Number of protein chains: 2
Amino acid sequence: MGMVKGRAVSAPRASVWLTDAAARTRTRRSEQPSGLDRERITAATVRLLDREGLARFSMRRLAGELKVTAMSVYWYVDTKEDLLELALDAVVGELTVGPEGLEGDWRQRLRELARAYRAMMVRHPWVAPLMGSYLNIGPCSQAFSRRMRAVLHDSGLGAKEQLGALSAVFRFVYGFGAIEGNVIRRCRAAGHTQDEYYREAMGSMARRPEFVESFGDTEELFGPEGMGGGVAEMRERDFAFALDLLVTGIEAMARETAAT
Amino acid sequence: MGMVKGRAVSAPRASVWLTDAAARTRTRRSEQPSGLDRERITAATVRLLDREGLARFSMRRLAGELKVTAMSVYWYVDTKEDLLELALDAVVGELTVGPEGLEGDWRQRLRELARAYRAMMVRHPWVAPLMGSYLNIGPCSQAFSRRMRAVLHDSGLGAKEQLGALSAVFRFVYGFGAIEGNVIRRCRAAGHTQDEYYREAMGSMARRPEFVESFGDTEELFGPEGMGGGVAEMRERDFAFALDLLVTGIEAMARETAAT
DNA sequence: ACCTGAACACCGTTCAAGT
DNA sequence: ACCTGAACACCGTTCAAGT
């Protein structure tokens, strides 16, 4: 318990998922007048975040969406942060592609999981900043992590290396999804397509001598050839390449493990 | 130009760095009464962000730090967003380790650049969320990117692959720095060390049956053996492993390039 | 047990006015 | 050219009160 400017501040919990069971049972136990419960609130949160983005999300707006007073929500959820953590785990729940992922070549399974993760981050551009802000230990996050560990178990890496690779894969995919989700968010805010946005930025840069000096001939890198079929495809190629890099790296490290 | 709830909203610029020269020249042109200019404002912003974090940063607090009215800052900077973008490029400027990085084995140079980048993100835990939010085309960001491209030029990859690898390396290091900077930020907010924080989270999880089921024996993964000398060292190992994975992957892909 | 209204201590930014 | 004060339209959250 600390004091900030005379206001009592209790140390924040690490995560909603670590609150005691009693607090978590604030789910519907009878027919509420408003029909509210945690699930419904979380769903509305996801809907609102998808529609208007993280910056415009507020407890008051959420309450409006639920046709209820802002303060009603606080009966089910302690803070805005907790609510966002719930929303985060909810969309990670979309990644349950089914248990068929448990067989087949580990390379292909890793590619599939990575692609699904990235696709989710692109579908929900507000996920990236949140993912970086929480512990990600909700039930759905854990289920996904378990699947990824199963894949790496089959890679031929040693037990210690599997943990290292798990962390590498996650941060790697996160890095991609975060940047990408962000550009999407910005474009949406500006009301442009990604290609327009990119062209505008490139145009502004080309008109500035420092930038040309720095990038050399920008046409070479970002012109029709370099860009191929637009920004989306360029990023697709980048991601595919990065995935190759990852798989190739794991294979090579696994050979080292096997050799010793 | 759009309308949101009757309020006129002009499409946001892509970046401070893409504003016209006239606007950027709002630097000191004479001795100001308050001694304000962009540089001083940016420096104060970095100081404040380091000390209190992104969440507590506000234009009003910054103004207080500068002993000036909140609105004075707006003479030099259009929006809070612009200011944060300036602060971001300023700390990337810390990465100028000198031109000696231009020779030597590309593997070692890549490792050095990656390590420096990560260290910077750990020094300034507010960088990660911002880095994901802007285009990162300030002069210092570009200088760093140029150095990284020089390194990859020497890796033996083809020209196209070099671009892919550049993106991979950046997103990769970003992923690491973001997660790590975040935990640091949370710990600081809670007034705990990272080890305390980690132990607490682990303790809470161990007391919950679902978690044990999910992670198996948590002691095995996170106990004294798995953790080694604390969280910091565990992350150090993870990062080192990931760096190996990256270098090994690039080497293998370069061999493929050479073979065809 | 659940929901509301009023209030507190904040925000970023605009705008008219001062020097 | 630079800086200020007052004001607008918001925030998250607390707290006492209602049903």
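Below, chain A is the first sequence line, B the second, and so on; all start at residue 1. Computation of the quantities below employed the complete heavy-atom set of this structure, encompassing side-chain atoms and omitting hydrogens, waters and symmetry-equivalent molecules. Just so it is clear, the structure is predicted and the values come from calculations on it, not from any experiment.
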Here DNA chain D, pairs taken as Watson-Crick or G-U under 3.5 Å and shown with ( ), [ ] when crossing and | when to another strand, reads ||.|||||...|||||.||
Can A:Val231 and A:Thr193 be said to form a side-chain contact (heavy atoms from CB on, under 4.5 Å), step by step? CA-CA 10 Å; A:Val231 201; A:Thr193 70; over 6 Å; no
Check the phosphate of C:dG12 against B:Thr79, side-chain N and O only, distance under 4.0 Å to OP1 or OP2. Yes or no? no
**Prompt:** Between C:dC3 and A:Trp75, is there an OP1 or OP2 to side-chain N/O distance shorter than 4.0 Å?
**Reply:**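 It does not, given that no N or O in the side chain of A:Trp75 lies less than 4.0 Å from OP1 or OP2 of C:dC3.
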Closest to the [X] side chain, choosing from [options]:
| X | options | result |
| --- | --- | --- |
| A:Arg60 | C:dT13, D:dC11, D:dT4 | D:dC11 |
| B:Lys80 | C:dG12, C:dC3, D:dT4 | C:dG12 |
| B:Thr69 | D:dG12, C:dC11, D:dG5 | D:dG5 |
| B:Tyr76 | D:dC11, D:dC2, C:dG12 | D:dC2 |

List in chain and number order the residues that pass side chain to side chain donor-acceptor pair (under 3.5 Å) with [X], two or more places apart in sequence or in another chain; answer none if no residue qualifies.
| X | value |
| --- | --- |
| B:Ser72 | none |
| A:Ser15 | A:Glu85 |
| B:Asn136 | none |

Does some side-chain heavy atom of A:Trp17 sit less than 4.5 Å from a side-chain heavy atom of A:Ser141?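 Of all side-chain heavy-atom pairs linking A:Trp17 with A:Ser141, none is under 4.5 Å.
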Numerically ordered, the residues 45-53 of chain A set in heavy-atom contact under 4.0 Å with DNA chain D is none
Atom [atom1] of [X] to atom [atom2] of [N]: distance rounded to whole Å?
| X | N | atom1 | atom2 | result |
| --- | --- | --- | --- | --- |
| A:Lys67 | C:dT4 | NZ | P | 13 Å |
| B:Asp82 | C:dT13 | CG | C1' | 13 Å |
| A:Leu36 | C:dA1 | CG | P | 17 Å |
| A:Asp37 | C:dA1 | CG | P | 17 Å |
| A:Leu62 | D:dC11 | CG | P | 12 Å |
| A:Arg40 | C:dC2 | CZ | P | 14 Å |

With a 3.5 Å cut-off and sequence neighbours excluded, list the donor-acceptor pairs that the side chains of residues 120-127 of chain B form with protein atoms.
| from | atom 1 | to | atom 2 | distance (Å) |
| --- | --- | --- | --- | --- |
| B:Arg123 | NE | B:Glu94 | OE1 | 3.2 |
| B:Arg123 | NH2 | B:Glu94 | OE1 | 2.9 |
| B:His124 | ND1 | B:Asp50 | OD1 | 2.6 |
| B:His124 | ND1 | B:Asp50 | OD2 | 3.3 |
| B:His124 | NE2 | B:Glu94 | OE1 | 3.1 |
| B:His124 | NE2 | B:Glu94 | OE2 | 2.9 |
| B:Trp126 | NE1 | B:Asp50 | OD1 | 2.8 |

Counting primed atoms, P, OP1 and OP2 as sugar-phosphate and everything else as base, the B/S/- map of nucleotides 14-19 of chain C against protein heavy atoms under 4.0 Å is B-----
**Request:** Identify whether any heavy atom of B:Ser58 sits under 4.0 Å from a base atom; if not, whether one sits that close to sugar-phosphate; answer base, sugar-phosphate or nothing.
**Result:** sugar-phosphate
Please identify each residue that fulfils salt bridge (Lys or Arg N to Asp or Glu O under 4.0 Å) with [X], with sequence neighbours left out.
| X | result |
| --- | --- |
| B:Arg47 | B:Glu65 |
| A:Asp89 | none |
| B:Glu180 | B:Arg118, B:Arg235 |
| B:Asp238 | none |

| query | Under 6.0 Å between the ring centres of B:Phe170 and B:Tyr117? | reply | yes
**Item:** Residue list, ring pair (Phe, Tyr, Trp, His ring centres under 6.0 Å) with B:Phe239, at least two apart or on another chain
**Value:**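 With sequence neighbours excluded, B:Phe239 shows a ring pair (Phe, Tyr, Trp, His ring centres under 6.0 Å) to B:Phe176, given in chain and number order.
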